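Notes to accompany the following structure.
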Amino acid sequence: METPGQNRNCINPKSVDTGYRKIYRFIRDFLFSVVNKEFLIFLFFFALSGVFWLLMALNETYEKELRVPVRLTGVPRNAVITGDLSDTVRVTVRDKGFALMAYTTSRRLHPLSFSFASYAVQNTGRGVIPVSDVQKQLYQQLYGSSRITGIKPDRLDFFFNYGLSKRLPIRMAGKVVPAHNYYLSRFQFWPEHVTVYADKHTLDSLKYVTTTPLDIVNFEDTVTRQVTLKPIHGVKIVPSAVKLSLYPDILTEENVEVPVVAINMPAGKVLRTFPSRVKVHFTVGVTKFRSVKPEQFMVVADYNELLAHPSDKCNLYLRQSPPTVSRARLAINRVDYLIEQQ
């Protein structure tokens, strides 16, 4: 036996059906009123004209570029393809719009397959697939009414050898500039060397491989990126991408005192300068400063110059500085001197 509260929560199916009927009648009356009948007739003829226009347009002749995959089959296990065959050809086809639409919406065009043994020339380590062979395979898949008006690339070639290789270092290429008051302290590749496969003549001519042009600027902290290596025609590089880390360091102005050394002095004579030590100013990274020593610099006074151009002062020259510093310069370039006879 149901309670009064339960009866109030029950939904009457008849009332729901009546509500749907009212909505249906409203929509029907709205759509088939005099005004909306004319609108529906207009939409019908508009759609019909659109279909006729589409049929006429598709019946016209057009040109369209299609992309067809390319495969090299039957490659021996001991052969290394050093210059990969292009994986796609772009073929321009002329035909009715119906046929071109069928090419793009269906899977009628299958990958083109070429046998390694049919085109590889063993004594040159190269294979060339002429465009005529590409056209032949394409026409086998096209409709009879279709015509090919262009193929890119116009020649497919590949290079191969049987394991001849060489390990080469990597060099950076492009623009790598740290932020203001910073400099590139060092950089490192992982791995530092790559293996290249090519014919003997090409391997002998290669000394290093380079990255693709980089554009890394205004960095203050360590930067680590995956970079690709610049492709070389007819050469396979393994791996083709490496990890690069850049280590910037902040620049600081420092100085050290360096003794003056006399050069070209004849026997029995001594050149004394006043002062005997001079300051050398230079720019160096903060982390490199502790490794800079005064003995890594060399400041000289040339006796031959004094003989050729006598003066009350002698010129000083900075002849040597460590590679870790930049913009090294003397605090003073001329000093008093005295030549003593021993």
Side-chain angles (χ1 to χ4, degrees), residues 169-190 192-193 207-208 210-211 213-225 227 244-340 342:
I170 308 167
R171 289 189 181 180
M172 282 196 303
K175 186 178 180 182
V176 178
V177 182
H180 182 62
N181 287 334
Y182 283 80
Y183 81 108
L184 185 60
S185 173
R186 65 186 181 93
F187 63 90
Q188 187 172 0
F189 288 105
W190 285 278
E192 294 183 347
H193 293 76
K207 305 301 179 186
Y208 56 86
T210 64
T211 64
L214 303 174
D215 187 12
I216 307 174
V217 298
N218 295 327
F219 59 97
E220 299 178 358
D221 297 322
T222 300
V223 174
T224 299
R225 289 189 182 179
V227 297
L244 168 65
S245 288
L246 306 172
Y247 301 94
D249 192 8
I250 192 168
L251 293 170
T252 180
E253 288 280 347
E254 300 292 344
N255 65 80
V256 293
E257 282 198 344
V258 180
V260 178
V261 178
I263 59 174
N264 298 320
M265 292 297 298
K269 291 188 177 182
V270 177
L271 175 66
R272 300 188 187 279
T273 61
F274 305 95
S276 61
R277 303 172 68 89
V278 294
K279 285 186 177 181
V280 178
H281 296 279
F282 54 88
T283 303
V284 67
V286 171
T287 58
K288 300 285 186 181
F289 174 62
R290 291 188 177 181
S291 64
V292 178
K293 306 298 181 184
E295 53 268 25
Q296 294 175 293
F297 298 84
M298 183 177 182
V299 179
V300 302
D302 191 351
Y303 178 78
N304 289 339
E305 182 183 6
L306 294 175
L307 287 181
H309 306 283
S311 173
D312 56 345
K313 292 182 179 290
C314 69
N315 295 322
L316 300 181
Y317 301 95
L318 179 62
R319 289 287 178 86
Q320 179 180 304
S321 60
T324 53
V325 307
S326 62
R327 293 185 290 179
R329 60 201 182 278
L330 295 171
I332 54 175
N333 295 317
R334 291 170 61 84
V335 295
D336 295 326
Y337 70 95
L338 178 64
I339 298 176
E340 296 181 348
Q342 288 184 332

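These numbers come from the heavy atoms of this one structure, side chains and all, not from hydrogens, waters or symmetry mates. Quantities reported herein were computed from a predicted structural model and do not represent experimental measurements.
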Quiz item: What salt bridge (charged side-chain N to carboxylate O under 4.0 Å, His left out) pairs are there with at least one residue in residues 315-327, not counting sequence neighbours?
Solution: none
Quiz prompt | Over all atoms of both residues, closest heavy-atom pair of Leu184 and Pro178 | solution = N-CG, 3.5 Å
Quiz item: Rounded to the nearest 0.5 Å, how far does CD1 of Ile250 lie from OG of Ser185?
Solution: 12.5 Å
Practice problem: With rounding to the nearest 0.5 Å, note down the distance linking CG in Asn304 to CG in Asn264. | Solution: 4.0 Å
Quiz item: Stepwise, does the side chain to side chain contact (heavy atoms under 4.5 Å, CB included) test hold for Tyr337 with Val260?
Solution: CA-CA 11 Å; Tyr337 70 95; Val260 178; over 6 Å; no
Quiz item: Excluding sequence neighbours, so at least two apart, what forms side-chain contact (heavy atoms from CB on, under 4.5 Å) with Ile170?
Solution: Phe189, Val194, Val209, Thr211, Leu229, Val242
Practice problem: Drop me the distance from Trp190's CH2 to Leu244's CG, to the nearest 0.5 angstrom. | Solution: 8.5 Å
Practice problem: Check side-chain hydrogen bond (donor to acceptor under 3.5 Å, both in side chains) between Ser276 and all other residues, then give those that pass, not counting sequence neighbours. | Solution: none
Quiz item: Looking only at heavy atoms, what is the nearest atom pair of Pro169 and Lys207, with distance?
Solution: CD-O, 3.5 Å
Quiz prompt | Residue pairs, two or more places apart or on separate chains, that pass ring-ring contact (aromatic ring centres under 6.0 Å, His included) and touch residues 276-302 | solution = Phe282-Phe297
Practice problem: Kindly give the heavy-atom pair with the smallest separation between Thr324 and Val284, and that separation in Å. | Solution: O-CG2, 3.7 Å
Quiz item: Are any non-hydrogen side-chain atoms of Arg334 and Ser311 less than 4.5 angstrom apart?
Solution: yes
Self-check item: Distance (rounded to the nearest 0.5 Å) between Lys175 NZ and Asp215 CG
Solution: 6.0 Å
Exercise. Output all residues satisfying side-chain contact (heavy atoms from CB on, under 4.5 Å) with Val223, sequence neighbours left out; order by chain, then residue number.
Key: Ile216, Phe219, Arg225, Leu246
Quiz item: Taking only residues two or more places apart in sequence, or in another chain, which ones meet Tyr303 in a side-chain hydrogen bond (donor to acceptor under 3.5 Å, both in side chains)?
Solution: Lys269
Exercise. Sort and list the pairs that fulfil salt bridge (charged side-chain N to carboxylate O under 4.0 Å, His left out) and have at least one residue in residues 292-303, not counting sequence neighbours.
Key: none
Quiz item: With side chains defined as the heavy atoms from C-beta onward, is the minimum distance between Val280 and Leu330 less than 4.5 Å?
Solution: yes
Self-check item: Contacts of type salt bridge (charged side-chain N to carboxylate O under 4.0 Å, His left out), residue Lys313, not counting sequence neighbours
Solution: Asp336
Exercise. List in chain and number order the residues that pass side-chain contact (heavy atoms from CB on, under 4.5 Å) with Pro323, two or more places apart in sequence or in another chain; answer none if no residue qualifies.
Key: none
Quiz item: Who are the salt bridge (charged side-chain N to carboxylate O under 4.0 Å, His left out) partners of Arg272, not counting sequence neighbours?
Solution: Glu340
Self-check item: Minimum heavy-atom distance between Met265 and Ala262, given as atom pair plus value
Solution: CG-CB, 3.6 Å
Exercise. With sequence neighbours left out, write down each residue that passes side-chain contact (heavy atoms from CB on, under 4.5 Å) with Pro275, or none if nothing qualifies.
Key: Val278, Ile332, Val335
Quiz item: Restricting to pairs with a member in residues 245-263, which pass side-chain hydrogen bond (donor to acceptor under 3.5 Å, both in side chains), not counting sequence neighbours?
Solution: Thr224-Ser245, Asp249-Thr287, Thr252-Glu254, Glu253-Thr283, Glu253-Arg329
Practice problem: To the nearest 0.5 angstrom, please state how far the CG atom of Leu318 sits from the CE atom of Met298. | Solution: 10.0 Å
